[in-house]
Amino acid sequence: MQGFILHTQKVKDEDLLVCILSKTSIIRTYRFYGLRHSTILSGYKIDFALEDNPRFLPRLKDVLHLGFQWILHREKMFLWQEFIRLLYAHLKELGEIDEFYFELVNESAKRFEKQNPKRVILDSYLQILEFEGRLHKEFSCFLCDEKIKGDITLVRAFLPSHKPCVFGLELNRIKLENFYESKNCAIFNDEEIEKMYMLVKEGL
């Protein structure tokens, strides 16, 4: 079985509670401490097995780290773990999930090798909003319900608004429409990407 580690939490001694994103579910498991155990951190992709425990969580065993070439790049790993923490906060209460989430994370990890990580995360963030039916393409202000005729001001989860209605990130309407259509943020310059990434960090 394969999955991405969304979260780890130390319990007694060096044992860990581990939350894993698999293809069809969010798995909560327990890993006993041992010198032979490989290091596991949030964001790692692993191959693993589970041992049933009728009194507690299943035991995580036979862990094999499925690394990516960029994993030792400090800045990329930091941004990757920010993205993983965002997903954990969004998915942690769920059990079964659609395969979409695993495939999205897997594809994003591959893109991290050659592309700007913040741009990869922005594209993935948009895809999640669209998949969940939360991407507002009609550009009606979420506060006053009126149509937005000019540029768009975005807040958390890319909710659109008029500039006078709320303090947020103002973006060119044509660029935003292009982004929503292509699911690719290449149309934005680096300064715009930095500002949009700050919205992403606020959560889904």
Side-chain angles (χ1 to χ4, degrees), residues 4 6-7 19 21-26 42-43 75-76 78-112 114-204:
F4 286 89
L6 293 181
H7 182 71
C19 182
L21 169 67
S22 75
K23 285 191 175 184
T24 57
S25 62
I26 302 297
S42 65
E75 184 179 352
K76 285 189 176 183
F78 175 78
L79 292 170
W80 179 249
Q81 289 183 320
E82 281 195 330
F83 177 50
I84 293 299
R85 282 194 292 271
L86 185 78
L87 275 176
Y88 172 68
H90 187 57
L91 301 175
K92 64 181 180 180
E93 302 299 331
L94 301 180
E96 294 184 1
I97 59 168
D98 194 281
E99 192 173 335
F100 162 83
Y101 296 98
F102 178 88
E103 296 300 337
L104 179 74
V105 174
N106 200 44
E107 183 60 29
S108 297
K110 293 176 184 177
R111 291 178 59 196
F112 254 56
K114 296 183 178 180
Q115 294 181 256
N116 180 310
K118 290 182 180 179
R119 290 180 179 271
V120 173
I121 292 170
L122 271 171
D123 292 348
S124 299
Y125 186 88
L126 184 77
Q127 290 177 58
I128 291 171
L129 291 176
E130 183 176 62
F131 177 77
E132 295 178 350
R134 298 191 294 125
L135 184 61
H136 297 261
K137 296 181 179 181
E138 299 303 319
F139 297 139
S140 293
C141 179
F142 78 96
L143 281 178
C144 70
D145 290 328
E146 297 293 329
K147 289 286 186 181
I148 305 170
K149 296 181 180 179
D151 289 343
I152 314 296
T153 297
L154 294 181
V155 295
R156 177 177 171 168
F158 290 175
L159 284 173
S161 68
H162 294 105
K163 185 177 180 179
C165 289
V166 67
F167 178 78
L169 172 61
E170 188 175 7
L171 291 170
N172 178 273
R173 183 191 191 95
I174 302 301
K175 283 188 173 183
L176 201 57
E177 289 174 343
N178 181 290
F179 178 38
Y180 284 7
E181 182 64 30
S182 67
K183 311 295 183 297
N184 188 318
C185 62
I187 195 169
F188 295 109
N189 61 41
D190 289 344
E191 183 180 353
E192 290 168 326
I193 291 296
E194 288 296 327
K195 292 177 179 178
M196 293 176 75
Y197 186 73
M198 295 307 292
L199 276 186
V200 169
K201 289 176 67 173
E202 292 182 15
L204 280 159

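The figures here come from the full heavy-atom set of this structure, side chains too, leaving out hydrogens, waters and symmetry mates.
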Is it true that a side-chain atom of [X] and a backbone atom of [Y] form a donor plus acceptor pair closer than 3.5 Å?
X: His162; Y: Cys144; value: no
X: Trp80; Y: Ala109; value: no
X: Arg134; Y: Leu129; value: no
X: Arg173; Y: Ile152; value: no
X: Arg119; Y: Cys185; value: yes
X: Gln81; Y: Ser42; value: yes
X: Asp151; Y: Glu170; value: no
X: Glu103; Y: Phe100; value: no
X: Lys183; Y: Leu126; value: no

Interatomic spacing from CG in Leu143 to OG in Ser161 - rounded to 0.5 Å:
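Going from the CG atom of Leu143 to the OG atom of Ser161 covers 6.5 Å.
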
Phe158-Tyr125 aromatic ring centre distance below 6.0 Å:
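Yes, they do, as the ring centres are separated by less than 6.0 Å.
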
Is the gap between the ring centers of Tyr180 and Phe139 under 6.0 Å?
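Judged by ring-centre distance (under 6.0 Å), Tyr180 and Phe139 do meet the cut-off.
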
Looking at Glu181 and Lys137, is there a salt bridge between them, counting it only when a charged N and a carboxylate O are closer than 4.0 Å?
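No, no charged N to carboxylate O under 4.0 Å.
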
With a 4.0 Å cut-off on N to O distance, would you call Arg111 and Asp123 a salt bridge?
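Yes, this pair counts.
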
Should Leu154 and Leu176 count as side-chain neighbours, where that means a heavy-atom distance under 4.5 Å?
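Yes - at least one pair of side-chain heavy atoms lies under 4.5 Å apart.
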
Mind checking whether His7 and Tyr88 have parallel, tilted or perpendicular rings, split at 30° and 60°?
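Geometry flag for Tyr88 against His7: parallel rings.
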
What pairs with Glu93 under side-chain contact (heavy atoms from CB on, under 4.5 Å), at least two apart in sequence or on another chain?
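side-chain contact (heavy atoms from CB on, under 4.5 Å) check on Glu93 returns nothing, list empty.
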
